[in-house]
Amino acid sequence: MPVVDYVAAEFAGQVDVIAVAWASSYEKTASAARGFLTSGATRWLLDDSVFADFEVTSQPVGVFTIGGVEVRRWFGALPEQEIRQLFADAVA
Amino acid sequence: MRNRSRVGVAVLAAVVALAACGGGSDEQVSSEPAAPDTTAAVTRSTAEAPGTTVSEDPAADPTTTAAAPETTVATEPAAAPETTAVTEAAAAPETTAVTEPAAVPEGPLVPALTLELDDGTTFVTTEATKPVLYLFWAEW
């Protein structure tokens, strides 16, 4: 996850990165995650219902959207180079 | 006999004199103008003949008309490629320009949500102007 934060900082202002966490388990997840996401480029959303809205049943999951359309979804970790390429292609 | 011959000579001399003076020349003058008149008439008729030829120009008009279509035909093809070239040139960039923004990737639409972010800002999923990565954090 810190890798995402690195890339988010590189593309700050070009790509919005929103980290979604369970509000009900903030102490277990988000508070700990804040220690990894320190660039300030990633914004946080604490809302349990959003998981269901995006049909996310397991974590961690990344959902990348362009123009309100989901273009890629992945589960688990993604190599830094692949994330950077995904961002670069989206803003090109 | 001498009288007759004198009279004959006198008549002959008179005829010769008349022929040498006015009588013959009058005839010549009258005949000369007549000749030019005739020539003029012929010339006129000849001129009218070309005139007729000119009036046959209507007959030549077909030729001109035939040339006109040729010019028209030459103009139409000349205009056609230009129009085609302009249309293609204009269509290519427009289509490209329109296609690129319209080339929104295919996929499921994000749910229409108004998210209250932790920093106090509001984010509407359907109004995002930039690419967005939603990172669903694990519990552990």
Side-chain angles (χ1 to χ4, degrees), chain A residues 1 4-5 7-8 11 13-26 28-30 32-34 36-37 40 42-47 49-73 75-76 78 83 86-91, chain B residues 71-140:
Chain A
M1 287 301 182
V4 175
D5 196 45
V7 179
F11 289 87
Q14 302 178 76
V15 178
D16 286 321
V17 179
I18 299 175
V20 186
W22 296 92
S24 56
S25 60
Y26 176 81
K28 291 182 180 177
T29 56
R34 286 178 189 273
F36 295 102
L37 308 180
T42 302
R43 293 184 289 174
W44 281 93
L45 171 66
L46 304 176
D47 190 335
S49 63
V50 176
F51 284 81
D53 291 330
F54 277 85
E55 299 179 351
V56 173
T57 57
S58 59
Q59 301 86 40
V61 167
V63 177
F64 195 70
T65 69
I66 298 176
V69 176
E70 180 179 327
V71 297
R72 182 165 180 183
R73 177 180 294 225
F75 172 78
L78 205 63
I83 296 175
L86 184 66
F87 280 33
D89 291 344
V91 301
Chain B
T71 305
T72 305
V73 170
T75 304
E76 287 178 359
E82 287 178 5
T83 306
T84 306
V86 170
T87 304
E88 289 178 358
E94 285 179 7
T95 305
T96 305
V98 171
T99 302
E100 287 181 359
V104 176
E106 295 180 1
L109 297 176
V110 297
L113 300 173
T114 300
L115 308 176
E116 300 294 336
L117 302 183
D118 199 32
D119 60 359
T121 60
T122 301
F123 186 86
V124 181
T125 58
T126 55
E127 296 178 0
T129 57
K130 294 178 285 188
V132 184
L133 171 59
Y134 300 94
L135 197 60
F136 292 87
W137 198 258
E139 285 191 18
W140 58 88

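Here is how names work: the chains are called A, B, and so on, in the same order as the sequence lines, proteins then strands, and each is numbered from 1. As the structure is a prediction and not an experimental result, all values here were calculated from the model.
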What is the minimum heavy-atom distance between B:Leu135 and A:Gly62, and which atoms define it?
CD1-CA, 4.2 Å
How far apart are the closest heavy atoms of A:Val91 and B:Pro131, and which atoms are they?
CG1-CG, 4.4 Å
Among the listed options A:Val71, A:Val50, A:Val63, A:Leu45, the residue most often paired with chain B at heavy-atom distances under 4.5 Å:
A:Val63
Quick one: of B:Thr129, B:Thr126, B:Leu115, who has the most non-hydrogen atom pairs under 4.5 Å with chain A?
B:Leu115
From B:Asp118 atom CG to A:Ile18 atom CD1, the distance as rounded to the nearest 0.5 Å:
12.0 Å
Over all heavy atoms of both residues, which pair between A:Gln14 and B:Lys130 is shortest? Give the atoms and the distance, please.
O-CB, 3.4 Å
Residue part contacting chain B, namely of A:Val15, when any heavy atom lies under 4.5 Å:
both
If you count heavy-atom pairs under 4.5 Å between each of B:Thr121, B:Thr125, B:Asp119, B:Val110 and chain A, which one has the most?
B:Val110
Quick one: pull up CG in A:Leu86 and CG in B:Leu133 and give me the separation to the nearest 0.5 Å.
7.5 Å
Non-hydrogen atoms of chain A under 4.5 Å away: do they reach the side chain of B:Glu127, the backbone, both or neither?
neither
Residue part contacting chain B, namely of A:Asp53, when any heavy atom lies under 4.5 Å
both
Could you look at B:Leu117 and say if it's the side chain, the backbone, both or neither that has a heavy atom under 4.5 Å from chain A?
both
According to the interplanar angle, ranging from 0 to 90°, do the rings of B:Tyr134 and A:Phe54 count as parallel (below 30°), tilted (30 to 60°) or perpendicular (above 60°)?
tilted
Output the distance between atom CZ (A:Phe75) and atom CZ (B:Phe136), rounded to the nearest 0.5 Å.
13.5 Å
Closest heavy-atom pair and its distance - A:Arg43, B:Phe123:
NH2-CD1, 3.7 Å
Which answer fits A:Phe11, side chain, backbone, both or neither, if we ask what part of it has an atom under 4.5 Å from a heavy atom of chain B?
neither
I need the B:Glu116 CD to A:Asp47 CG distance, nearest 0.5 Å.
9.5 Å
